[in-house]
Protein chains: 2
Amino acid sequence: MSVQERKERERAARERLIVATARELAEQQGWDAVTTRRLAERIEYSQPVLYSHFRGKREIIGAVALEGAAELAAAVRAATAAADCPRERVYALARAYLDFAARNPAVYDAIFQLDGGLAFAHEDTPEPLKDAFAALLESLGEVAGDGVHPGLFTETFWAALHGLATLTRAGRLPPEDAELRVELLVDRLAVV
Amino acid sequence: MSVQERKERERAARERLIVATARELAEQQGWDAVTTRRLAERIEYSQPVLYSHFRGKREIIGAVALEGAAELAAAVRAATAAADCPRERVYALARAYLDFAARNPAVYDAIFQLDGGLAFAHEDTPEPLKDAFAALLESLGEVAGDGVHPGLFTETFWAALHGLATLTRAGRLPPEDAELRVELLVDRLAVV
DNA sequence: GATTCGATCCTAGCACCGCTAGACAAGTGA
DNA sequence: TCACTTGTCTAGCGGTGCTAGGATCGAATC
């Protein structure tokens with residue numbers, strides 16, 4: 001019994017190592033640099049070992065995405081918990097969200113840009129993704145305004161943040177006035 | 001002289017063929033399917049011919065992006081020209097923008113998601129890109145509201161549209177309430 | 001303690017990718 | 001007609017994701 005348990009533990013540890021290494025490599029050199037060969041070399045195993053844990057590269061990206069979604073949810077909740085009024089909570093949420101995207105660009109891409117084989121806006125959406133949306137909804141729902149469905153408001157606000165995050169990082173928006181754009185967004189969209 | 005002119009004409013025609021074929025292939029089967037081999041086969045030339053027109057695949061994507069940006073600008077201007085008041089213009093703009101993204105997903109990706117080697121928010125930004133932003137600015141600038149820089153407002157509104165476009169298409173947002181989200185965005189952001 | 005046997009892992013290889021060197025043919029001007 | 005430029009193609013490089021099949025190692029059995 002114990003032997004098998006030890007093996008399962010080791011196997012789980014190796015799986016975590018794969019995900020962590022993929023993430024690290026992606027943040028260091030971008031997802032293009034995350035090849036199965038390089039990844040295998042970094043974890044000091046051969047290539048096929050990766051395929052005994054994941055169906056393919058896509059699933060590895062998906063695993064990084066789930067890990068990242070949980071962190072994003074936690075970051076948002078931590079930021080909003082420290083704020084007093086609804087408006088301040090929304091400010092804090094927006095800043096925390098954009099800050100996460102800026103600090104973890106590869107992870108952010110894994111969650112929202114790349115194909116990690118994850119289902120969204122579905123009943124079989126993985127729990128961390130649903131929870132990340134829930135974290136947004138908790139603070140954004142209370143500033144949706146009369147007659148506006150909280151979920152719909154959250155989706156719209158989230159999309160705006162997502163646009164700012166991606167366009168800024170892709171060099172499509174000059175980074176100087178990032179703070180002003182956030183203020184504009186919050187001031188106009190949030191109803192207090 | 002005339003011989004050389006004819007050759008240049010033919011060469012230009014072939015270059016247009018390459019760009020059009022790349023775009024077509026991308027819209028049909030996605031950018032992943034646009035390989036230099038397949039593209040060469042479709043235009044009935046060998047692979048290296050592509051490299052006599054473009055430095056590489058990236059530049060081909062860039063060419064599609066520029067073509068698309070010009071169309072996007074035209075679509076936005078056509079839609080806003082038909083509207084009477086500022087608010088209606090913004091509605092029309094938002095719908096035209098999202099419609100373009102939905103109808104030409106591959107082109108939209110080439111412009112805003114993929115690396116086409118294009119400079120943005122720079123002095124050496126290609127003209128079609130600057131003009132596309134200008135097209136947005138023309139209608140959005142007039143609803144920025146007092147004390148808000150029109151350019152900054154346009155950037156923010158654009159980012160919100162971009163977020164809606166990408167998240168919807170990537171399956172991150174359910175497509176049902178797309179219209180409601182647009183209305184919410186316009187009603188809250190635009191000051192009339 | 002030797003032996004069987006199954007799980008585990010690696011070597012080698014597939015078809016494909018972007019890109020390029022060098023051979024070759026076709027068309028141009030003398 | 002001939003030299004030469006120009007244009008195009010064949011073939012190949014190193015890389016990619018992924019997999020088949022053989023080797024190895026450790027656990028359980030006699």
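Per chain, numbering begins at 1; letters A, B, ... match sequence-line order.
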Residue-level proximity of residues 21-33 of chain B to DNA chain C when a heavy atom falls under 4.0 Å: none
Does C/dG18 have its OP1 or OP2 closer than 4.0 Å to a side-chain nitrogen or oxygen of B/Thr36? yes
Side-chain contact, heavy-atom cut-off 4.5 Å: A/Lys57 with A/Leu50? no
Please list, chain by chain and in numerical order, all residues satisfying side-chain contact (heavy atoms from CB on, under 4.5 Å) with B/Arg14, sequence neighbours excluded. B/Arg11, B/Tyr45, B/Val49, B/Ser52, B/His53
Determine: side-chain N/O of A/Arg37 to OP1/OP2 of D/dC18, distance under 4.0 Å, yes or no. no
Please determine whether a side-chain nitrogen or oxygen atom of A/Arg55 lies at a distance below 4.0 Å from atom OP1 or OP2 of D/dG17. no
Show the atom names and distances, to 0.1 Å, of all donor-acceptor pairs under 3.5 Å that link a side chain in residues 112-120 of chain B to residues at least two apart or in another chain.
unit_1, atom_1, unit_2, atom_2, d
B/Asp115, OD1, B/Gly117, N, 2.9
B/Asp115, OD2, B/Arg58, NE, 3.4
B/Asp115, OD2, B/Arg58, NH2, 2.9

Side-chain donor-acceptor distances from residues 80-87 of chain A under 3.5 Å, at least two apart:
unit_1, atom_1, unit_2, atom_2, d
A/Thr80, OG1, A/Val76, O, 3.0
A/Thr80, OG1, A/Arg77, O, 3.1
A/Arg87, NH2, A/Asp187, OD1, 3.2

Output the rounded distance in Å from CG (A/Leu50) to P (C/dC9). 12 Å
To the nearest angstrom, the OH-P distance between A/Tyr51 and C/dC10 comes to 14 Å
Would you check if B/Leu93 and B/Leu161 make a side-chain contact, meaning some heavy-atom pair closer than 4.5 Å? yes
Quick check: closest heavy atoms across A/Trp31 and A/Ala106, and the distance to 0.1 Å? NE1-O, 2.8 Å
Taking CG from B/Leu114 and C1' from C/dG18, how many angstroms apart are they, rounded to a whole number? 16 Å
State which residues pass side-chain contact (heavy atoms from CB on, under 4.5 Å) with A/Thr154; sequence neighbours excluded, sorted by chain then number. A/Phe133, A/Leu136, A/Leu137, A/Leu140
Min side-chain heavy-atom separation B/Glu138-B/Arg89 under 4.5 Å: no
Rounded interatomic separation in angstrom, taking NZ from B/Lys57 and C1' from D/dG15: 14 Å
Would you tabulate the nitrogen or oxygen pairs shorter than 3.5 Å linking the protein to nucleotides 4-9 of chain D?
unit_1, atom_1, unit_2, atom_2, d
D/dT8, OP1, B/Arg14, NH1, 2.9
D/dT8, OP2, B/Arg14, NH1, 3.3
D/dT8, OP2, B/Arg14, NH2, 3.0
D/dC9, OP2, B/Ser46, N, 2.9
D/dC9, OP2, B/Ser46, OG, 2.8

Under 4.0 Å, heavy atoms only, any strand: does B/Arg58 hit a base, just the sugar-phosphate, or nothing? nothing
Let me know the distance between CG of A/Leu39 and P of C/dC10, rounded to the nearest Å. 13 Å
Please report the distance, rounded to the nearest Å, between CZ in A/Arg38 and P in D/dG15. 9 Å
Check ion pair B/Arg23-B/Glu71 (N to O, under 4.0 angstrom): yes
